[in-house]
Q: 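Quick one: this structure, given as structure tokens, is what I'll be asking you about.
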Amino acid sequence: MKILIISGLSGGGKSKAASFLEDAGFYIVDNMPAGMILKFAEFCAGGSGRYSRVALVYDVRTADSFDEFLEVLEILRQREYDCKLLYLEAGVGAIIKRYKETRRIHPLQDKAASLEEAVDQEIALMAPVRAQADIVIDSTNYSTARLRGELLRLFGGSRQAGELLVSLVSFGFKHGLPLEADLVFDVRFMPNPFYIDALRPKTGLDQEVRDYVLSFRETEQFLEKLRELLRFVLPLYREEGKTVLVVAIGCTGGHHRSVAVTHALAEYINSLGYQVTENHRDMTRS
């Protein structure tokens, strides 16, 4: 049985990690006291394989002292369980920014004069747990897609190990860049169907718009060069261990050109044998 204990700093990404691991087939239990972990592990071990992959979230909310937890961790490692401790953290500035954005209250806020002091206190409190971690992830500069990809690479998922998922996103620059994008391409140089009355209310998924966008020589040349680039870099990303690559294609509003090009690229990348998802973020926005 595989037991993964997820711990780390508040705001470090534990909740997101738990949700991604749940998607990957782990049974998730949040905020479990140290005294219950051994009994729960024994219960899962006797479950005829039903709970073969378990992830437990344990953090500063759970106890005043981590001595009991560290003893439990040592016992789990000595037994037949495949037990690992994953520790997630982030820089103090990043954690403060995340708390301000979500307007949540830090669990140590009532014991500190400021949010920064609360974060510093937690770093000190969690130091013994961090020292026992098998894997430490600093999520300071991680997008959601990157964190998910790293966890799938480390702990596996429904896809085969080493398989690369290419996530294609069309968007409109006037609505802002997709923050999760690894690669961004601008197609605003292409003729715009918006100025054709019959095409304006349609989208790049409509055949008439696609035919218009793809009919121009510059579009075909761009696609040819982009296909060549992707054919070159995708195997390298896979060899490097990346499991999710987010490629964003942008036009002005995200209705026509970017949608048509994204759809064409999805068909091409799928023909290369990669798993592809296609998302048109701004296609329905005004």
Side-chain angles (χ1 to χ4, degrees), residues 16 19-20 23 101-102 141-149 152 157-159 163-238 242-286:
K16 286 184 177 180
S19 65
F20 295 148
D23 293 340
E101 288 175 346
T102 61
N141 298 313
Y142 273 44
S143 66
T144 299
R146 183 183 177 190
L147 178 60
R148 179 180 182 276
L152 288 177
S158 58
R159 294 181 291 117
E163 185 177 348
L164 176 66
L165 169 67
V166 182
S167 177
L168 295 175
V169 182
S170 71
F171 72 97
F173 276 96
K174 74 176 185 179
H175 301 299
L177 287 168
L179 297 181
E180 70 275 19
D182 296 299
L183 302 173
V184 178
F185 297 97
D186 184 351
V187 298
R188 287 176 291 184
F189 64 87
M190 297 176 183
N192 193 348
F194 178 84
Y195 297 107
I196 309 296
D197 291 340
L199 301 181
R200 185 178 302 128
K202 299 180 183 294
T203 74
L205 293 181
D206 290 305
Q207 191 63 47
E208 303 96 314
V209 175
R210 293 179 62 196
D211 289 344
Y212 177 83
V213 172
L214 301 178
S215 67
F216 293 92
R217 179 176 175 80
E218 55 262 50
T219 302
E220 182 53 40
Q221 288 179 332
F222 173 81
L223 283 172
E224 181 180 342
K225 294 180 183 299
L226 187 51
R227 290 175 186 134
E228 182 180 356
L229 172 64
L230 292 173
R231 189 168 60 250
F232 173 73
V233 301
L234 292 182
L236 299 178
Y237 278 119
R238 181 169 55 190
K242 196 170 186 63
T243 55
V244 181
L245 180 72
V246 182
V247 181
I249 309 294
C251 61
T252 304
H255 295 171
H256 302 105
R257 294 167 290 180
S258 62
V259 175
V261 171
T262 296
H263 187 70
L265 277 180
E267 293 177 338
Y268 173 72
I269 294 171
N270 185 63
S271 74
L272 295 178
Y274 295 94
Q275 185 176 355
V276 184
T277 63
E278 183 180 342
N279 174 38
H280 303 291
R281 191 192 73 178
D282 301 324
M283 187 173 68
T284 60
R285 296 179 66 168
S286 58

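Both backbone and side-chain heavy atoms feed into the values below; hydrogens, waters and symmetry mates do not.
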Q: Mark yes or no for whether D206, through its side chain, and E208, through its backbone, hold a donor-acceptor pair below 3.5 Å.
A: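 Here the side-chain-to-backbone pair does not exist.
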Q: Between atom OH of Y274 and atom OG1 of T277, what is the distance when rounded to the nearest 0.5 Å?
A: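 The distance works out to 15.0 Å.
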Q: Would you check if the side chain of T219 reaches a backbone N or O of V213 as a donor-acceptor pair within less than 3.5 Å?
A: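 Yes; judged by distance alone, with no hydrogens or angles, the pair exists.
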Q: Just wondering, do T144 and E180 contact through their side chains at under 4.5 Å, heavy atoms?
A: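 A side-chain contact under 4.5 Å is absent here.
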Q: Is the closest side-chain donor-acceptor distance between S170 and H280 under 3.5 Å?
A: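 Yes.
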Q: Under 6.0 Å from the six-membered ring centre of Y195 and within 45° of its axis: does the NZ or CZ of R200 meet both?
A: no
Q: Is there side-chain contact between C251 and V187, with heavy atoms separated by less than 4.5 Å?
A: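 When only atoms from C-beta onward are counted, V187 and C251 do touch, with a gap below 4.5 Å.
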Q: Give the intermediate values and the outcome of side-chain contact (heavy atoms from CB on, under 4.5 Å) for residues V166 and Q275.
A: CA-CA 6 Å; V166 182; Q275 185 176 355; over 6 Å; no
Q: With heavy-atom distances below 4.5 Å as the criterion, would you say the side chains of R188 and F173 are in contact?
A: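 Touching, per the 4.5 Å side-chain cut-off.
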Q: Measure from the side-chain N and O atoms of T262 to the backbone N and O of V259, and report whether any donor-acceptor pair falls under 3.5 Å.
A: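 Not confirmed, T262 side chain does not pair with V259 backbone.
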Q: Supply the atom-to-atom distance R148 CZ to S19 OG, rounded to the nearest 0.5 angstrom.
A: 9.5 Å
Q: Please round to the nearest 0.5 Å and tell me the distance separating atom CG of L272 and atom CG of L230.
A: 8.5 Å
Q: Which residue, N279, I269, I249, forms the side chain to side chain contact (heavy atoms under 4.5 Å, CB included) with L168?
A: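 Considering N279, I269, I249, a side chain to side chain contact (heavy atoms under 4.5 Å, CB included) with L168 is found only for I269.
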Q: Could you check whether E218 pairs with R257 (Lys NZ or Arg NE/NH1/NH2 to Asp/Glu carboxylate O, under 4.0 Å)?
A: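 Result for this pair is no, no salt bridge flagged.
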Q: Identify the heavy atoms of S286 and H175 that sit nearest to each other, and give their distance.
A: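 Nearest heavy atoms, S286 then H175: O-CE1, 3.6 Å.
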Q: State whether E220 and R227 are salt-bridged, where the test is any N-O pair (Lys NZ or Arg NE/NH1/NH2 against Asp/Glu carboxylate O) under 4.0 Å.
A: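 Salt bridge flag = yes for R227 with E220.
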Q: Provide the closest heavy-atom pair for A181 versus A248 in the form atom of the first, atom of the second, distance.
A: CB-CB, 3.8 Å
Q: Return yes if some donor-acceptor pair links the side-chain N/O of H256 with the main-chain N/O of K202 below 3.5 Å, else return no.
A: yes
Q: Measure the spacing between CG of L236 and CG of L245 and express it to the nearest 0.5 Å.
A: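 Rounded to the nearest 0.5 Å, the CG-CG separation comes out at 11.5 Å.
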Q: Locate the shortest heavy-atom distance separating A198 from P201; write the atom from each residue and the value.
A: O-CD, 3.9 Å
Q: Which distance, rounded to the nearest 0.5 Å, do you find between the CD of E224 and the OH of Y268?
A: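 Here the rounded value is 10.0 Å.
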Q: Do T203 and V209 have side-chain heavy atoms sitting under 4.5 Å apart?
A: no
Q: Using side-chain heavy atoms (C-beta onward) and a distance below 4.5 Å, is V169 in contact with S167?
A: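 The answer is yes; the side chains approach within 4.5 Å.
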Q: On a heavy-atom basis, which atom in P191 and which in P193 lie closest, and how many Å separate them?
A: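 Nearest heavy atoms, P191 then P193: O-CD, 3.4 Å.
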Q: Would the number of heavy atoms belonging to other residues, nucleotides or ligands and lying under 6.0 Å from CD of E267 be above 12?
A: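 Yes.
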Q: Any heavy-atom pair between the side chains of V244 and Y237 that's under 4.5 Å?
A: no
Q: Both conditions, 6.0 Å and 45 degrees, for the charged tip of R281 above the ring of F171: are they met here?
A: no
Q: Check for a donor-acceptor pair, side chain of D182 on one end and backbone N or O of V246 on the other, with a separation under 3.5 Å.
A: yes
Q: For a side-chain contact (heavy atoms from CB on, under 4.5 Å) check, start with the C-alpha distance between L205 and E278, then their side-chain angles and the critical distance, and finish with the verdict.
A: CA-CA 11 Å; L205 293 181; E278 183 180 342; 4.0 Å; yes
Q: Sequence neighbours left out, what passes ring-ring contact (aromatic ring centres under 6.0 Å, His included) with F185? Give chain and number order.
A: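 Listed in chain order: nothing, the list is empty.
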